[in-house]
Amino acid sequence: MSLRLGDIAPDFTAETTQGTIHFHEWLGNSWGLLFSHPADFTPVCTTELGKTALLKGEFEKRGVKVIAVSVDDLDSHNRWVPDIQEVNGVEVNFPIIADGDRNVATLYDMIHPNASEKATVRSVFVIGPDKKIKLTLTYPASTGRNFQEILRVIDSLQLTANYQVATPADWKDGDDTIVVPAVSTEDAINKFPKGVNVVKPYLRYTPQPNK
Ligand code: BEZ
């Protein structure tokens with residue numbers, strides 16, 4: 001069965017380009033981003049892994065540890081990494097799991113046989129410090145992911161984990177947020193001293209509380 005939001009992210013031990021990793025131990029108390037790509041030495045994947053490396057500072061700022069996976073072996077990853085670095089002008093600064101036995105791909109349901117029997121799709125899992133899955137995304141091989149969107153979602157996840165707010169359509173860090181329905185308007189006025197704008201009894205905006 002596929003993994004659902006709120007499930008514990010399965011633990012595993014795997015060989016990576018940065019040595020053997022025990023996943024939960026490696027995550028520690030950090031947030032995690034585990035993402036699969038279909039294959040090494042492919043064009044879209046080369047841009048995606050480069051983009052991820054270029055965003056190292058953004059992931060670090062948010063306390064997120066990043067790890068990639070495909071079903072290629074370690075020798076293949078190690079031969080491909082210099083290409084990623086050359087094309088994108090950046091050091092690949094996160095581990096890539098060598099999942100030749102498909103252990104991780106199977107645990108995370110990353111092979112969708114009706115799309116490809118052999119390769120992983122472009123799966124994304126954001127994992128919280130409690131090791132629970134906070135977000136899943138699935139893209140086909142032909143569509144590279146938007147890593148700004150992944151950062152945007154992480155901002156929302158981290159904000160809403162700590163405050164009784166939700167984020168509206170197209171929200172980005174710094175925009176107004178929405179008071180969750182469980183909080184009455186009377187309580188919201190006390191909880192959110194920056195103000196509450198009542199558009200409907202069920203739609204109450206408040207400035208982002210952690211700004
Ligand atoms: C790519 O990464 O470019 C790619 C991989 C598999 C199928 C199509 C594109």
Side-chain angles (χ1 to χ4, degrees), residues 1-5 9-10 12-21 23 26-27 30-60 62 64-127 133-155 157:
M1 198 176 76
S2 60
L3 294 169
R4 294 176 174 171
L5 301 188
F12 57 81
T13 297
E15 296 307 311
T16 82
T17 49
Q18 294 184 1
T20 303
I21 277 177
F23 188 50
W26 176 81
L27 281 170
S30 298
W31 286 72
L33 171 69
L34 169 67
F35 70 109
S36 59
H37 61 274
D40 295 355
F41 297 101
T42 50
V44 177
C45 302
T46 301
T47 64
E48 285 196 324
L49 271 70
K51 182 61 76 175
T52 308
L54 285 162
L55 291 171
K56 174 186 165 69
E58 294 299 320
F59 287 112
E60 278 180 357
R62 292 163 175 82
V64 179
K65 295 184 90 170
V66 172
I67 189 163
V69 59
S70 80
V71 297
D72 299 284
D73 63 23
L74 198 55
D75 177 58
S76 168
H77 286 342
N78 284 330
R79 283 184 293 109
W80 182 39
V81 162
D83 282 5
I84 302 169
Q85 298 185 153
E86 180 194 327
V87 169
N88 297 283
V90 64
E91 184 194 344
V92 174
N93 40 41
F94 53 87
I96 309 172
I97 297 167
D99 195 37
D101 64 1
R102 301 180 177 200
N103 180 42
V104 176
T106 304
L107 282 172
Y108 283 81
D109 198 26
M110 290 167 165
I111 294 180
H112 297 196
N114 292 323
S116 166
E117 288 280 353
K118 290 187 191 148
T120 42
V121 290
R122 297 189 195 281
S123 297
V124 178
F125 292 87
V126 177
I127 298 156
I133 294 171
K134 306 297 182 188
L135 173 103
T136 63
L137 285 172
T138 308
Y139 279 51
S142 51
T143 304
R145 285 157 285 199
N146 183 332
F147 286 82
Q148 292 300 330
E149 167 62 5
I150 293 171
L151 290 171
R152 189 194 74 87
V153 176
I154 290 169
D155 285 340
L157 292 170

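Values below: all heavy atoms of this structure, side chains included; hydrogens, waters and symmetry mates excluded. All ligand and atom numbering here is 1-based and tracks the order in the structure.
Regarding atom 6 (C) of ligand 1, its nearest protein heavy-atom neighbour is A141 CB, 3.7 Å. Protein heavy atom closest to atom 3 (O) of ligand 1, with residue, atom name and distance, is V44 N, 2.6 Å. Among all protein heavy atoms, the one lying closest to atom 4 (C) of ligand 1 is R122 NH2, 3.6 Å.
Looking at heavy atoms from C-beta onward, N88 lies in side-chain contact with T46 at the 4.5 angstrom threshold.
Applying the salt bridge (Lys or Arg N to Asp or Glu O under 4.0 Å) definition to pairs two or more places apart or across chains, none involves residues 65-74.
Here the side chain of D99 pairs a donor or acceptor atom with the backbone of V104 at under 3.5 angstrom.
Y139 meets the ring pair (Phe, Tyr, Trp, His ring centres under 6.0 Å) test with no other residue; sequence neighbours excluded.
Residue-to-ligand polar distances place P43 within reach of ligand 1: an N/O pair is separated by less than 3.5 Å.
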